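One-based numbering, in listed order, for ligands and for the atoms of each. Quick caveat, the model's predicted, so the values are computed rather than measured.
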Amino acid sequence: MTRRKLAAGNWKMNGLKAALAEAKTLAAEHPAPNCDVLLCPPATLVAAMAAALEGTAVKTGGQDCHAAASGAHTGDVSAEMLADAGAAAVIVGHSERRADHGEDDAAVAAKAMAAWRAGLVAVICVGETEAQRDAGETLTVIGDQIAGSIPPGATAENTVVAYEPVWAIGAGRTPTLPQIAEVHDFMRDELVKKMAEAAEGVRLLYGGSVKPGNAAEIFAVSNVDGGLVGGASLKAADFGGIVAAAGA
Ligand code: 13P
């Protein structure tokens, strides 16, 4: 089965209004008719980015959402608010959220359901720490995260799963290609157990130190359907190279 690749950028807590120029440059100068492109800026820029990218093929997403649609949750943003601002997707369960905010699998699953409720695609993140990999626990950890973070109701249309080994994020190092293949093949098998044939359409992204120079080889790995990119998504020239690899 051929799945259309997705190049997704996660700006994390980076970007002021001036950075919207990078998004516009990406859309204008790096067209990618053969893949999907998503940029997830900080919440403060979602509405402005969605407006700036209107009429282009580049979609806008959030980086997190609350599980509730509204209410007394100071500082939080709901999936409905992201959708209202023009977002098409939202990242949930990023390891930085899991670590910085103590989000467990149940919380991530609730956020994924909130995303679907608001009509957003949920980009659900999983990944092992270096200590877990060294202890030989990688597949157990990923299996548990898939079991706990992806709620019933996931489809190829409403869900993307991102494998982000925590030790590769912002580290300038990546797993070997066979290590990536091992995890992605395992994730596909786990999703098939959960969702039957629908699992074949779910895009599985690799994330962690994806750069223009390594994107093509990573995207050619079995069951890798694109990337979730942090640092290299901030500049149109860099992310454009990654988008080109996804659309090749
Ligand atoms: P880097 O691409 O900066 O390693 O970040 C990966 C990531 O966490 C994307 O969500």
Closest heavy-atom contact between Ala109 and Pro151?
O-CG, 3.4 Å
Contact summary for Val202 and Arg188, nearest pair of heavy atoms
O-NH1, 2.7 Å
Of the protein's non-hydrogen atoms, which lies at the shortest distance from [atom], and what is that distance?
{"atom": "atom 3 (O) of ligand 1", "value": "Gly231 N, 2.8 Å"}
{"atom": "atom 2 (O) of ligand 1", "value": "Gly230 N, 2.8 Å"}
{"atom": "atom 5 (O) of ligand 1", "value": "Lys12 NZ, 3.3 Å"}
{"atom": "atom 9 (C) of ligand 1", "value": "Glu164 OE2, 2.9 Å"}

Non-hydrogen atom of Gly170 closer than 4.0 Å to ligand 1
yes
Is Gly208 in contact with ligand 1, taking contact as a heavy-atom separation below 4.0 Å?
yes
Quick one: which ligand 1 atoms are inside 4.0 Å of a heavy atom on Ser209?
1 (P), 2 (O), 4 (O)
One finds that the ligand 1 atoms under 4.0 Å from a non-hydrogen atom of Asn10 are 9 (C), 10 (O)
Residues [X], [Y]: salt bridge by 4.0 Å N-O rule:
{"X": "Lys193", "Y": "Glu190", "value": "yes"}
{"X": "Lys111", "Y": "Asp64", "value": "yes"}
{"X": "Arg98", "Y": "Asp105", "value": "yes"}

Ile169, portion touching ligand 1 at heavy-atom distance under 4.0 Å:
both
If you take the centroid of each ring, where Trp contributes its six-membered ring, are His184 and Tyr163 closer together than 6.0 Å?
yes
Can you find an N or O of Glu96 that's nearer than 3.5 Å to an N or O of ligand 1?
no
Check for me, please, whether Val183 and Val229 land in the same ILVMFWY cluster - side-chain distances under 4.5 Å, paths through other members count.
yes
